[in-house]
Amino acid sequence: MVKIAPSILAADFNKLENEISDVEKAGADYIHIDIMDGEFVDNETPGLEMLERAHDSTKLVLDTHLMVEDPQNWLEDVVLSNVVTFHIEAVNTETADKIIDYLHERDIKAGVAIKPNTSIEDIMPIIEKIDVVLVMLVEPGFGGQKMIESCLEKVRALRNLKPDLDIEVDGGVNLENVKIVKAAGANILVAGTAIFRSNDRKFVIEEMRK
Ligand code: DX5
Ligand code: ZN
């Protein structure tokens, strides 16, 4: 069963609690929270505030996506999350290992994200330890970009390799491309613009899940 994770980067921050409860009622499974430090990507988000406000307003799974230069330094601040995903490009294998252990000791799922130009080979040393792989379908940093379709090759390859792995995709997912995204093997779909900028969020979520 596919899970739908609205990215609150595209929500109205001024009424974030309403926005979250709206997508919850519309059938969302996760709330995806993008944390950007202005270094790993050219953009900064008030991610920790978003996480706290999300935690106070919903029981949905809080899915935190760390787009930061030094994920290890952020861990203490994101323990309210149910899933924490960090970028493999930001760490070496030893650090990745430590981050995963830290999260698992606190009953938080560990995810690893890869940018469009990063090969799945780079996550092989830790693949057995992680709960989810997040395949970026756009360069991280901004919502509202167009999906880079060639990234779906990596989703296919991972799905062949690991039939039971949670594979999350992030960036440019919408009702036009959701079929090919799911056919490639993704089972957790992040969507910001497609959900929050629609005037029928329930319809979008239901269509994506079909
Ligand atoms: C981009 C973020 C995404 C973003 C997705 O770097 O990781 O989660 O919010 O937004 P859309 O669905 O608009 O591409
Ligand atoms: Zn994200």
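Ligands are counted one by one from 1 in listed order, and the atoms in each one are counted from 1 as well.
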Would you tell me whether [X] and [Y] have side-chain atoms, one donor and one acceptor, within less than 3.5 Å of each other?
{"X": "Asp63", "Y": "His65", "answer": "no"}
{"X": "Thr95", "Y": "Asn92", "answer": "yes"}
{"X": "Thr193", "Y": "Asn174", "answer": "no"}

State the atom name: nearest N, O or S atom of [X] to the Zn ion (ligand 2).
{"X": "His32", "answer": "NE2"}
{"X": "Asp170", "answer": "OD2"}
{"X": "His65", "answer": "ND1"}
{"X": "Asp34", "answer": "OD1"}

### Message
Would the distance check show the side chain of Arg159 and the main-chain N or O of Leu165 forming a donor-acceptor pair, the cut-off being under 3.5 Å?
### Response
yes
Find all protein N or O atoms under 3.5 angstrom from an N or O atom of ligand 1 and list the pairs with distances, or write 'none'.
unit_1: ligand 1; atom_1: 6 (O); unit_2: Gly141; atom_2: N; d: 2.7
unit_1: ligand 1; atom_1: 7 (O); unit_2: Asp34; atom_2: OD1; d: 3.0
unit_1: ligand 1; atom_1: 7 (O); unit_2: His65; atom_2: ND1; d: 3.3
unit_1: ligand 1; atom_1: 7 (O); unit_2: Asp170; atom_2: OD2; d: 2.9
unit_1: ligand 1; atom_1: 8 (O); unit_2: His32; atom_2: NE2; d: 3.3
unit_1: ligand 1; atom_1: 8 (O); unit_2: Asp34; atom_2: OD1; d: 3.1
unit_1: ligand 1; atom_1: 8 (O); unit_2: Asp34; atom_2: OD2; d: 2.8
unit_1: ligand 1; atom_1: 8 (O); unit_2: Asp170; atom_2: OD1; d: 2.7
unit_1: ligand 1; atom_1: 8 (O); unit_2: Asp170; atom_2: OD2; d: 3.0
unit_1: ligand 1; atom_1: 9 (O); unit_2: Ser7; atom_2: OG; d: 2.8
unit_1: ligand 1; atom_1: 9 (O); unit_2: Asp34; atom_2: OD2; d: 3.1
unit_1: ligand 1; atom_1: 12 (O); unit_2: Gly192; atom_2: N; d: 2.8
unit_1: ligand 1; atom_1: 13 (O); unit_2: Gly144; atom_2: N; d: 2.9
unit_1: ligand 1; atom_1: 13 (O); unit_2: Thr193; atom_2: N; d: 3.0
unit_1: ligand 1; atom_1: 13 (O); unit_2: Thr193; atom_2: OG1; d: 2.5
unit_1: ligand 1; atom_1: 14 (O); unit_2: Gly172; atom_2: N; d: 2.8

### Query
Does Glu153 come within less than 4.0 Å of Arg156, counting only side-chain N to carboxylate O?
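Judged by the 4.0 Å cut-off on N to carboxylate O distance, Glu153 and Arg156 do form a salt bridge.
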### Task
Before accepting this row, confirm whether a basic side-chain N of the pair Glu24/Arg201 lies closer than 4.0 Å to the acidic partner's carboxylate O.
no
### Query
Can you check whether Asp34 reaches Ser7 side chain to side chain, under 4.5 Å on heavy atoms?
yes
### Task
Answer yes or no: is there a side-chain heavy-atom contact under 4.5 Å between Thr118 and Ile88?
yes
